[in-house]
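Whatever order the structure lists them in is the order used to number ligands and atoms, beginning at 1. Please read all numbers here as calculations on a predicted model, not as lab measurements.
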Amino acid sequence: MTRLTPDMIAGVPEDKIDLDSALMRMCGTTVKGMAIQAAGMEEDYDFSSFKVAVVPITSGLGVIGGFAQSVDAIVKRLGMNSYVTKGTDVQGFSEGIRDGADMIMMADDTMFIAYNVREGKQTNNSWGTAMGYSVCLRNAAGGLEGKDVLVIGAGFVGTEAVQILKGMGANVSVTDIIFEKAQALEKRFGVKAVKDKEEAISKHKLILNAAPASFPGRIMAEGCIVSTPGVPHEFDEEGKRRAKAIIHDPLEIGTAVMAVNSAFYSLKKH
Ligand code: PYL
């Protein structure tokens with residue numbers, strides 16, 4: 001998983017990219033609507049009763065400037081009652097519990113989770129990101145049943161994505177810079193491992209890019225839809241011209257899905 005930098009998430013707290021409008025234009029949903037779909041629910045929900053504590057974590061490579069504030073802003077935009085704890089790590093976790101938080105969100109260098117305190121259940125960001133970007137791709141494509149979809153990257157997110165997309169009825173191919181990783185997913189999930197990434201990109205109109213790689217527009221299919229959580233993220237002018245839609249944000253789609261899915265552990269009971 002590529003580690004975010006403060007620059008990558010600088011505009012998230014004030015929603016500089018206006019993600020709701022972008023998703024409404026490309027996928028026909030708001031961020032919250034997408035997250036509710038990703039969590040397998042239908043109608044809208046008022047999440048204002050959910051108290052969420054976002055805990056900065058200093059382990060490993062340490063705090064990322066603006067990360068906790070970005071998560072807090074994303075969760076607030078879902079209508080939840082969110083705050084960043086004063087303490088970090090165990091102290092921050094304990095503060096959230098003491099304050100009666102329903103959910104605790106925190107990330108170290110390998111895991112980012114939304115922990116539902118009441119239900120003792122968690123949702124992680126790899127699943128949240130894979131599910132969120134798969135729902136966006138499905139909505140932008142008007143459904144994936146029987147359609148060819150290419151997943152780039154057989155890491156944490158790509159591994160979740162191949163399963164989710166197959167479950168949505170897509171014919172899934174997967175490629176990775178380490179071909180053996182793609183072959184391992186072929187063996188486990190019955191998807192198709194493809195070795196030549198550029199050839200695969202040129203042949204697919206539906207792509208979920210779960211790798212840090214971006215790709216030159218000259219190999220992209222006309223009218224392709226690229227759902228791409230991969231960071232860093234850049235597409236050249238030719239790529240932007242050829243694509244029907246490029247769905248991307250540095251953190252919000254995955255975070256919104258994991259927060260909503262974790263909240264639903266409590267709501268699905270009723
Ligand atoms: C969750 C993000 C999405 C992409 N890469 C993942 C990443 O950067 N993970 C590291 C997050 C570290 C957060 C730090 C803090 O500020 O609390 N421990």
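In terms of protein heavy-atom proximity, atom 1 (C) of ligand 1 is nearest to F112 CD2, 3.6 Å. Counting protein heavy atoms only, atom 16 (O) of ligand 1 is closest to I64 N, 2.9 Å. For atom 13 (C) of ligand 1, the nearest non-hydrogen atom of the protein is A107 O, 3.5 Å. For atom 8 (O) of ligand 1, the closest heavy atom belonging to the protein is L4 N, 2.8 Å. Atom 6 (C) of ligand 1 has as its closest protein heavy atom M1 SD, 3.5 Å. Summary of contacts: the protein heavy atom closest to atom 5 (N) of ligand 1 is T2 O, 2.7 Å.
Q183 and D176 are not linked by any side-chain donor-acceptor pair at a separation below 3.5 angstrom, with hydrogens and angles left out of the test. With 3.5 Å as the limit, one finds no donor-acceptor pair spanning the side chains of T123 and Y115. Defined by atom type and a distance below 3.5 Å, a donor-acceptor pair is missing between the side-chain atoms of N209 and Y133.
Residue contact check: D108 has heavy atoms under 4.0 Å from atoms 10 (C), 11 (C), 12 (C) of ligand 1. The ligand atoms of ligand 1 that sit less than 4.0 angstrom from a heavy atom of P56 are 17 (O). For ligand 1, the atoms sitting less than 4.0 Å from at least one non-hydrogen atom of V63 are 14 (C), 15 (C), 16 (O), numbered in the order shown with element in parentheses. Atoms of ligand 1 lying under 4.0 Å from any heavy atom of R3, numbered from 1 in the order shown and given with element: 8 (O), 12 (C). Atom numbering of ligand 1 starts at 1 in the shown order; those under 4.0 Å from a heavy atom of G62 are 14 (C), 18 (N).
With respect to E252 and R77, a salt bridge is recorded, a charged nitrogen being found less than 4.0 Å from a carboxylate O. Ion pairing between a basic and an acidic side chain is recognised when a charged N comes within 4.0 Å of a carboxylate O; R241 and E237 show no such pairing. In this structure, K51 does not pair ionically with D102, as no charged nitrogen and carboxylate oxygen lie closer than 4.0 Å. In summary, D236 and K240 do not engage in a salt bridge, as defined by a charged side-chain N under 4.0 Å from a carboxylate O.
Taking the six-membered ring for Trp, F67 and F112 have ring centres closer than 6.0 Å.
On a distance-only criterion, I57 and ligand 1 share at least one N/O pair closer than 3.5 Å. An N or O contact shorter than 3.5 Å is missing between F67 and ligand 1 by distance.
Judged by distance alone, the side chain of R138 and the main-chain N or O of G143 form no donor-acceptor pair under 3.5 Å.
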